[in-house]
Amino acid sequence: IHGIKAKSEARANALRKTINNFRKVGACFGVLLVSLVSMIPLISRYFTSDPLVMQKVNGAIPGVALFLIVNGLMCAGEGSLLGQKDLVFLRNSYALFFFTV
């Protein structure tokens with residue numbers, strides 16, 4: 001019984017470590033995406049010369065950046081749920097999202 005408990009604790013610690021690594025990668029991915037989005041004002045002049053269009057695009061950047069930071073963490077959470085094979089929770093979450101949005 002003691003050997004089973006030690007094995008279970010080691011597995012739980014490994015799972016915690018893996019989830020933390022997923023979170024770190026997700027946060028880095030979100031920061032990378034936000035840094036790319038922050039370059040949009042610099043490159044938008046190559047796609048349009050209309051100042052009103054550039055103003056509207058630049059006004060949308062904070063919302064897009066906020067979404068992309070959360071997106072990196074959501075991908076990390078989804079990856080950890082898939083790793084734990086918690087597919088029922090994922091199915092229910094996606095169904096709830098689909099019907100509410």
Side-chain angles (χ1 to χ4, degrees):
I1 292 180
H2 191 345
I4 294 172
K5 186 176 180 182
K7 221 178 198 183
S8 177
E9 285 180 21
R11 189 166 184 230
N13 287 334
L15 184 61
R16 266 190 229 102
K17 209 173 180 181
T18 302
I19 289 173
N20 284 334
N21 286 337
F22 272 136
R23 287 180 184 152
K24 290 175 190 174
V25 169
C28 289
F29 183 66
V31 168
L32 173 72
L33 289 176
V34 169
S35 66
L36 291 174
V37 167
S38 69
M39 292 181 196
I40 289 175
L42 301 174
I43 64 170
S44 64
R45 64 184 168 164
Y46 297 113
F47 296 101
T48 184
S49 60
D50 187 0
L52 185 60
V53 171
M54 287 194 288
Q55 180 185 4
K56 294 285 185 183
V57 168
N58 292 343
I61 289 175
V64 172
L66 182 65
F67 172 77
L68 289 176
I69 279 188
V70 174
N71 183 42
L73 294 173
M74 289 297 292
C75 287
E78 185 178 325
S80 63
L81 287 174
L82 286 171
Q84 294 178 40
K85 296 188 173 142
D86 198 355
L87 302 177
V88 174
F89 178 77
L90 276 176
R91 180 201 64 208
N92 293 340
S93 298
Y94 280 122
L96 178 68
F97 176 78
F98 178 75
F99 288 113
T100 56
V101 174

Point to revise | F99: hydrophobic cluster co-members (side-chain, 4.5 Å) | key: F98
Exercise for review: Considering non-hydrogen atoms only, spot the tightest contact between V34 and A65 and give its length.
Suggested key: CG2-O, 3.4 Å
Side-chain donor/acceptor pairs under 3.5 Å, residues 46-55, sequence neighbours excluded:
from	atom 1	to	atom 2	distance (Å)
T48	OG1	D50	N	3.2
D50	OD1	L52	N	3.2

Exercise for review: Return each pair, listed once, that meets side-chain hydrogen bond (donor to acceptor under 3.5 Å, both in side chains) where at least one residue sits in residues 12-41; pairs must be two or more places apart or across chains.
Suggested key: N13-R16, N20-R23
Revision key, fill the gap. Those residues at least two apart in sequence (or on a different chain) that pass side-chain hydrogen bond (donor to acceptor under 3.5 Å, both in side chains) with N92 are none
Check your understanding: Does V25 share a hydrophobic cluster with L32, counting links as ILVMFWY side-chain heavy atoms below 4.5 Å and allowing steps through other members?
Key -> no
Revision key, fill the gap. For V64, the side-chain contact (heavy atoms from CB on, under 4.5 Å) test, sequence neighbours excluded, returns V37, L68
**Study point:** Whichever hydrophobic residues join V70 through chains of side-chain contacts under 4.5 Å
**Key:** M74
Check your understanding: Among the clusters formed by ILVMFWY side chains lying less than 4.5 Å apart, do F22 and L33 turn up in the same one?
Key -> no
